[in-house]
Structures are given as C-alpha cells and as structure tokens.
Amino acid sequence: MEPKRNHPLFGGAFSITLPPGALDVSDFRPVPDNQEVFCHRGTEQSLIVELLELQAHVQGEAAARYHFEALGGVQGTGAEQVEAVEPLASHTLSLRGCRDAWVLCGRQRMAKENEAANEKDVILHLALFRLPQYGTDLLLTFNEPLSGSRPPEGHEAQYLPPWTLVDFERLVTSLTLLDPSIFGPRERS
C-alpha cells in the first residue's frame, strides 16, 4: 500500500504525505479545530498535527522541550524523558517560511482521552516548526506505545506493518503550506 500523497489538512491549507493505513480520527470522534489526528488501522500508533500559539518566550531547542513537556502536563503524569533534540535543516523541508524547526524524541507515560486508568509508556517523535510571521508553532507528533497494541481489526489491518521513523521523516519533510490565509489577515509593517 502506497502512502497517501498530498493529503489535505485544515481544509486544504496544508498538505502532507500520510503513511499507509492512516485513518482520519475526525471520521469517528470530535477533534479540536486546531488539530488533525490520524491513527494506524492495526496498531495504537497515532499522528497529530497541531496549530498552536507561538511560544516566543522559548527559543531553539528549549522550544521543542517546552512543547514536549506541555504534552506531558496535559496528557501524562509528568514522567517525561527527552532522549534527543536536533535541529532540522530548512533545505530538507517542504514547509517554506519556517524560521526554525526541531525534532525531539522522548518517552512519556500517557493515556488516551477519557482513559486515565489505562496509561501506557509512549515513545514520542515530535517535530516543531516555528512560524513567527503567523504567530504560530506547528507541532507534528508521532505517538508510538511501547506495549499493549490492540490486535488488528479486519482483513486489511493484518497486512499493515507498524509505522516507522521513515514514515515520520516523510511526514516532516512533506508538510507543505498551501494557503497562508488559514492564519488570518497579516499585519502590514
């Protein structure tokens, strides 16, 4: 099965190449307007693209760590561990106008929405794209539970391998802004 190339996000304002077996979570539960959420058809892996307010008070690597810790504060127990943080070279990205970008790998203990009793250890691969000209931090998160994946459902799910770091890298490098009007009118200097 081929990746879904040029998949529209946020009403067509962005596009991305999704990995095989990606299901749009908004097809079966509400998703906030600032998020696009996808889950793997046969595992508990998920992908989240979020448009967040720019956190101008943190810069560089500290900004990636800030968002990683914020995810833990909202969804987890505070037991976060950062394993690596690296800058992303702008020439490798399709997202033009990105002032700086970071990728972070870490672990957190998290639970799905409304399932606090079922916390799991999760590896998080996070890409942060800083777009200060739009007052936005764009966060792309790949969640990979370490254990307890649900069994595949249905015939097709049996043949879908779990997503890998190659799939995450394809997400990061294929993310493209098509319509800047998603950020609203820009102030003229």
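Sequential numbering from 1 along the given sequence is applied to the chain's residues. These values consider heavy atoms only, across backbone and side chains, with no hydrogens, waters or symmetry-generated copies.
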Side-chain heavy atoms of [X] within contact of [Y], under 4.5 Å:
{"X": "T136", "Y": "F129", "answer": "no"}
{"X": "L177", "Y": "L138", "answer": "no"}
{"X": "L178", "Y": "T176", "answer": "yes"}

Counting N and O atoms only, with roles assigned by atom type, does the side chain of [X] sit under 3.5 Å from a partner on the main chain of [Y], one being a donor and the other an acceptor?
{"X": "H40", "Y": "L23", "answer": "no"}
{"X": "Q45", "Y": "W163", "answer": "yes"}
{"X": "Q108", "Y": "Q81", "answer": "no"}
{"X": "T92", "Y": "A89", "answer": "yes"}
{"X": "E36", "Y": "S26", "answer": "no"}

Checklist outcome for this item: For V58, the other hydrophobic cluster members (4.5 Å side-chain criterion, sorted by chain and number) are Y66
Anything under 3.5 Å between a donor and an acceptor, one on a side chain of residues 3-19, the other on a protein residue two or more places apart or in another chain? List them.
residue : atom : partner : partner atom : Å
K4      : NZ   : A22     : O            : 3.0

Checklist outcome for this item: Taken in chain and number order and not counting sequence neighbours, the residues that satisfy salt bridge (charged side-chain N to carboxylate O under 4.0 Å, His left out) with E169 are none
Next on the checklist: According to salt bridge (charged side-chain N to carboxylate O under 4.0 Å, His left out), who are the partners of D137, at least two apart in sequence or on a separate chain?
Outcome noted: R130
Item to check | Residue pairs passing the salt bridge (charged side-chain N to carboxylate O under 4.0 Å, His left out) test where at least one lies in residues 84-97, sequence neighbours excluded | outcome: none
Item to check | Residue pairs, two or more places apart or on separate chains, that pass salt bridge (charged side-chain N to carboxylate O under 4.0 Å, His left out) and touch residues 51-61 | outcome: E61-R65
Item to check | Within 6.0 Å of CG in D27, more than 12 heavy atoms from elsewhere | outcome: yes
Next on the checklist: With a 4.5 Å cut-off on side-chain heavy-atom distances among I, L, V, M, F, W and Y, is there a chain of contacts connecting L93 to L51?
Outcome noted: yes
